[in-house]
**Q** 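One structure is given below, represented as structure tokens, and several questions about it will come after.
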Amino acid sequence: MVELKNITKTYNPKKANEFTALKNVSLTINDGEMTAIIGRSGAGKSTLLHILACIDNYQSGEYRIDDTLVKKLSERELARIRGEKIGMVMQDFALVEDFSALENVMLPLDFARKKKSNRRDLALGALSSVGLVELAKKPVSKLSGGQKQRVAIARAIVNEPSLILADEPTGALDTKTSAEIMDVFKRLNDEGKTIVIVTHDPNVAKQCERVVEISDGEIV
Ligand SMILES: Nc1ncnc2c1ncn2[C@@H]1O[C@H](COP(=O)(O)OP(=O)(O)O)[C@@H](O)[C@H]1O
Ligand SMILES: [Mg+2]
């Protein structure tokens with residue numbers, strides 16, 4: 001379970017360009033839920049997701065993952081929680097273009113304490129679960145948008161996280177490819193993963209069991 005309580009996030013605090021992107025946001029997401037976070041561009045969706053992913057800080061409020069208070073953690077403990085519990089699919093894929101699909105998916109395993117000899121098999125397993133194993137050796141630069149998104153998902157799940165966070169995962173994809181990517185998320189959810197998808201596509205939101213709307217930094 002993840003729990004945000006009264007989170008306020010201000011960019012550039014005390015400067016002329018100070019901007020409060022999240023105001024007093026409280027949100028609980030239970031294990032196994034599939035949640036969509038919707039809202040206009042600039043509403044604070046990515047900010048919220050980055051806090052859930054423990055890759056961004058906040059000025060006030062509390063964030064707990066499985067009852068662990070995140071702000072009390074050392075850098076080292078934080079890195080460990082990120083590596084073991086959280087898989088993040090970034091908005092622009094954030095893949096290494098001249099690496100192969102397999103090399104990209106192996107990257108997080110270099111940071112996790114996984115045996116070197118197992119890494120390749122784990123990465124191939126993740127690629128196979130997104131239906132891409134036959135393209136494992138292909139450089140990412142040669143893949144289509146939908147295939148890149150699958151690589152990004154495989155990389156997010158290779159450490160078997162319980163929480164998968166995805167930022168506009170279908171934003172750059174056509175309708176058919178979006179549906180295929182949503183099928184991947186639905187299957188992961190059926191397997192017990194907790195999924196949070198940021199989207200402005202009503203079709204994507206409709207496929208999630210829960211929809212949370214954010215407007216001007218507040219949950220509505
Ligand atoms: N690094 C940053 N510095 C300053 N302002 C930012 C930064 N990142 C986002 N913002 C601002 O915070 C607001 C929310 O951004 P974001 O969470 O990216 O919205 P969304 O993902 O819903 O489009 C926007 O007004 C954006 O301009
Ligand atoms: Mg965004």
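If you're wondering where the values come from, they're calculated on a predicted model, not measured in any experiment. Basis for what follows: all heavy atoms, side chains included, without hydrogens, waters or symmetry-related copies.
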**Q** Could you tell me which residues satisfy side chain to side chain contact (heavy atoms under 4.5 Å, CB included) with Arg187, sequence neighbours excluded, listed by chain and number?
**A** Ser129, Glu191

**Q** Ignoring hydrogens and angles, state whether a donor on the side chain of Lys206 or Asn203 is under 3.5 Å from an acceptor on the partner side chain.
**A**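 Judged by distance alone, the side chains do pair up.
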
**Q** Please indicate whether Glu134 has more than 12 foreign heavy atoms, meaning atoms of other residues, nucleotides or ligands, lying under 6.0 Å from its CD.
**A** yes

**Q** More than 12 non-hydrogen atoms from neighbouring residues, nucleotides or ligands closer than 6.0 Å to NE2 on His200, yes or no?
**A**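 Counting neighbours around NE2 of His200, 12 or fewer heavy atoms of other residues, nucleotides or ligands fall under 6.0 Å, so no.
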
**Q** Filter on salt bridge (charged side-chain N to carboxylate O under 4.0 Å, His left out), then keep only pairs touching residues 44-73, sequence neighbours left out; what's left?
**A**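 For residues 44-73, and leaving out neighbouring residues, the salt bridge (charged side-chain N to carboxylate O under 4.0 Å, His left out) pairs sorted by first residue read Lys9-Asp56, Glu62-Arg64, Asp66-Lys85.
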
**Q** Apart from Ile38 itself, what residues make up its hydrophobic cluster when side-chain heavy atoms of I, L, V, M, F, W and Y under 4.5 Å apart count as a link, directly or indirectly?
**A**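 ILVMFWY cluster around Ile38 also holds Val211.
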
**Q** Of all the heavy-atom pairs spanning Tyr63 and Ile51, show the shortest one and how long it is.
**A**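 Scanning both residues completely, I find the closest heavy atoms to be CE2-O, 3.2 Å.
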
**Q** Can you list every salt bridge (charged side-chain N to carboxylate O under 4.0 Å, His left out) pair that touches residues 152-177, not counting sequence neighbours?
**A** Lys176-Glu180

**Q** Within the structure provided, determine whether His50 and Met88 are in side-chain contact (heavy-atom separation under 4.5 Å).
**A** yes

**Q** Would you compute the distance between atom OG1 of Thr35 and atom CD1 of Ile195 and round it to the nearest 0.5 angstrom?
**A** 9.5 Å

**Q** Do you know the tightest heavy-atom contact between Ala205 and Ala36?
**A**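 The pair with the smallest heavy-atom distance is CA-CB, 3.8 Å.
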
**Q** Would a distance-only check, ignoring hydrogens and angles, find a side-chain to backbone donor-acceptor pair under 3.5 Å from Thr170 to Leu173?
**A** no

**Q** Using only atom types and a distance under 3.5 Å, with no angle test, would you say the side chain of Asp216 pairs donor to acceptor with the backbone of Ala43?
**A** no

**Q** Residues two or more places apart in sequence or in another chain: which of them pass side chain to side chain contact (heavy atoms under 4.5 Å, CB included) with Val96?
**A**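 Side chain to side chain contact (heavy atoms under 4.5 Å, CB included) check on Val96 returns Asp98, Phe99, Asn104, Leu107.
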
**Q** Do Val184 and Val204 share a hydrophobic cluster (ILVMFWY, side-chain heavy atoms under 4.5 Å, transitive)?
**A**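 Yes.
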
**Q** If you link ILVMFWY side chains whenever their heavy atoms are less than 4.5 Å apart, which other residues fall into the same cluster as Phe19? By chain and number, please.
**A** none

**Q** Has the side chain of Ser26 got a donor or acceptor atom that lies under 3.5 Å from a matching backbone atom of Asn6?
**A** yes

**Q** Report the residue from Ile29, Thr194, Thr28 that forms a side-chain contact (heavy atoms from CB on, under 4.5 Å) with Met1.
**A** Thr28

